[in-house]
Amino acid sequence: MTQAIIWTIASLAARDNAATQADINTINALGGSGYHVSTPLLSDADFAAELAILTAAPVASAIKIGVIATTSHVAILADFLQAYKQLHPELSVIYEPLSISLSDMAKAESADSVLINTIKIRLLPIVDVLILPQEQGGSDAAKLFSATKQAINTLLSVGVKGVCAKAITVNSYHDDKQQSIALDVYIDGQREILLSSPSATLTPRSKDEHKGIFSSALATVIAQDYPIDDALVVARAYLNQTADAWPTDRRDFPEVVLPNTVLGDQLGLAPQMQLAYDFAPCDTNRLGLYPVVDTVAWLEKVLQQGVKTLQLRIKDKTPAEVVDDIKAAVALGRQYQARLFINDYWQLAIDHGAYGVHLGQEDMLFADFEAIKTAGLKLGLSTHGYYEILRAHQIKPSYIALGHIYPTVTKDMPSKPQGLQRLQRYADLMQDYPLVAIGGISIARARLVAATGVGSVAVVTAITRADDYKQAIADLLAIAEPHSVLACAND
Ligand SMILES: Cc1ncc(COP(=O)(O)OP(=O)(O)O)c(N)n1
Ligand SMILES: Cc1ncsc1CCOP(=O)(O)O
Ligand SMILES: [Mg+2]
């Protein structure tokens with residue numbers, strides 16, 4: 001795999017070497033390769049010449065901009081970035097001006113208004129993620145959060161694509177103890193992301209926020225094609241840890257702030273009456289081969305081949321149209337003592353006593369999680385990356401599905417396939433959970449998937465489109481459940 005290229009650009013007079021070194025260390029630690037323009041304050045002509053030299057460097061996937069000290073440098077940089085972005089539309093620009101706070105940047109007029117106004121007019125419309133400290137502290141978390149959101153929305157209206165107000169200190173309660181929380185708030189046109197890290201665990205690195213490590217980390221992760229929500233999570237985990245490496249310890253990862261939690265209530269997140277936490281555990285952490293099929297006839301065929309975990313996934317029908325299938329599916333699941341999950345139709349799954357329900361995260365808005373939990377059904381949740389995995393972890397479902405790993409013909413996916421390296425990272429991070437990998441898993445790929453340590457491999461077409469489905473199931477069982485296949489052979 002080729003290394004992601006990240007450029008860092010800053011024009012601060014006598015920018016301290018420690019900050020430049022911190023950029024380089026961060027980019028290298030997270031697997032990128034960096035090119036820097038961060039010299040002591042240059043004349044306009046020299047700054048433009050330095051930028052021009054950068055174009056001879058390998059093409060950047062992300063550019064991190066630090067302090068730009070003069071209005072003329074801001075204008076030169078804006079012209080340069082505009083031209084470079086036209087040539088390379090995939091480029092992401094991450095800007096952490098360090099010395100400017102969120103409220104100063106959002107204010108109509110501020111002490112340093114000529115510089116800030118130039119930044120707003122010239123630079124921000126080219127920026128993908130703007131990172132600012134929110135300096136207002138205060139004991140009223142809801143007020144602080146609302147002021148933060150207001151300031152961010154003002155900046156979004158200037159044309160920047162996304163804004164992250166980072167490491168806001170909030171006093172919260174955990175296990176009845178007051179605790180200081182560092183909150184990252186990210187908002188763009190589509191989403192609002194709220195991450196919390198207990199300040200008590202903040203390492204010397206996160207106390208060095210002023211050196212711009214967060215933006216270097218974010219740029220490096222984005223340059224490796226992670227979406228913004230995942231990049232925010234990994235960048236924060238990197239700051240929370242001491243190791244100079246990709247973060248792997250879950251204790252360093254931030255928590256996703258959800259409604260109906262102590263912090264969520266404190267911030268004034270609208271309560272979701274039906275959200276619930278902590279679902280019944282599955283009877284095993286290794287769910288094994290997990291066929292996902294769309295008819296009762298297929299359920300019966302796979303059960304006859306010894307499958308013990310399976311899902312009925314019927315799309316786009318009314319509950320009245322599927323109720324008989326669900327009843328028949330539940331009866332079959334019981335007859336074969338198998339774990340039968342129902343996709344989507346959670347109410348019918350409850351009504352007819354299925355083993356569990358499989359839902360997507362967007363279903364949190366519509367499904368009655370409380371009713372699923374109260375009925376004792378297991379809950380499987382889909383995820384598509386770090387952020388969603390951590391959000392699922394807050395809810396503590398019975399298993400977490402990780403997808404899609406490879407391109408799939410079964411479903412139109414809005415996200416990109418994750419590939420094996422990411423799957424390995426998720427499997428290592430969440431090894432105490434029952435994990436299910438799904439998406440484009442053929443028999444040949446199933447070996448590689450199982451080798452990551454996930455306890456379950458979910459497939460559709462590897463079985464339903466196999467020339468010989470019985471053989472396909474036997475092969476997949478041998479890969480996904482080698483111990484039980486051996487045990488059967490020895491019976
Ligand atoms: C085991 C497993 N993983 C993921 C999915 C996808 O579920 P969802 O996100 O709800 O999408 P649809 O299947 O409803 O299209 C799944 N069904 N099973
Ligand atoms: C339902 C679903 N969710 C993510 S990928 C997928 C389809 C998996 O099907 P296949 O195994 O044929 O790629
Ligand atoms: Mg679904």
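Counting convention: from 1, in listed order, for ligands and their atoms alike. Here, residue 1 is the first one in the sequence, and each next residue gets the next number.
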Does [X] reach ligand 2 with a nitrogen or oxygen that is under 3.5 Å from one of the ligand's nitrogen or oxygen atoms?
X      : value
Thr461 : yes
Arg313 : no
Thr408 : yes
Val459 : no
Met413 : no

Nearest-neighbour protein heavy atom for atom 5 (C) of ligand 1, which is reported as residue plus atom name and distance: His358 NE2, 3.2 Å
In the protein, which heavy atom is nearest to atom 6 (C) of ligand 1, and how far is it? Ser382 OG, 3.2 Å
Kindly say whether Tyr386 contributes a backbone atom to a donor-acceptor pair with the side chain of Asp230 at under 3.5 angstrom? yes
Out of all atoms in ligand 1, which are within 4.0 Å of some heavy atom of Gly360? Include the element for each. 9 (O), 10 (O)
Does even one non-hydrogen atom of Gly439 get within less than 4.0 Å of ligand 2? yes
Using heavy atoms and a threshold below 4.0 Å, how should the contact between Asp344 and ligand 1 be classified: side chain, backbone, both, or neither? side chain
Proximity of Gln311 to ligand 1 by residue part, where a heavy atom lies under 4.0 Å: side chain
Got a salt bridge between Asp468 and Lys470, using NZ or NE/NH1/NH2 to carboxylate O under 4.0 Å? no
The Mg ion (ligand 3) to Asp344: nearest N/O/S atom name: OD1
Below a 4.0 angstrom heavy-atom separation, can you tell me which part of Thr410, side chain or backbone, both or neither, approaches ligand 2? side chain
Closest to atom 2 (C) of ligand 2 by heavy-atom distance, out of Ile438, Thr464, Asn343, Ile463, is Ile438
Give the single entry among Gln361, Glu388, His384, Lys411 that approaches atom 11 (O) of ligand 1 most closely by any heavy atom. Lys411
Tell me, please, whether Tyr336 has Lys308 positioned over its six-membered ring: NZ or CZ under 6.0 Å from the ring centre and within 45 degrees of its axis? no
List every atom of ligand 2 that sits less than 4.0 Å from any heavy atom of Gly440, numbering the atoms from 1 in the order shown and giving each element. 10 (P), 11 (O), 13 (O)
Can you confirm whether more than 12 heavy atoms, excluding those of Arg465, are under 6.0 Å from its CZ atom? no
Does atom CD of Gln335 have more than 12 heavy-atom neighbours, drawn from other residues, nucleotides or ligands, at distances under 6.0 Å? yes
Might you work through the ring pair (Phe, Tyr, Trp, His ring centres under 6.0 Å) test for Tyr226 and Tyr387, ending with a clear yes or no? CA-CA 11 Å; Tyr226 280 88; Tyr387 172 78; over 10 Å; no
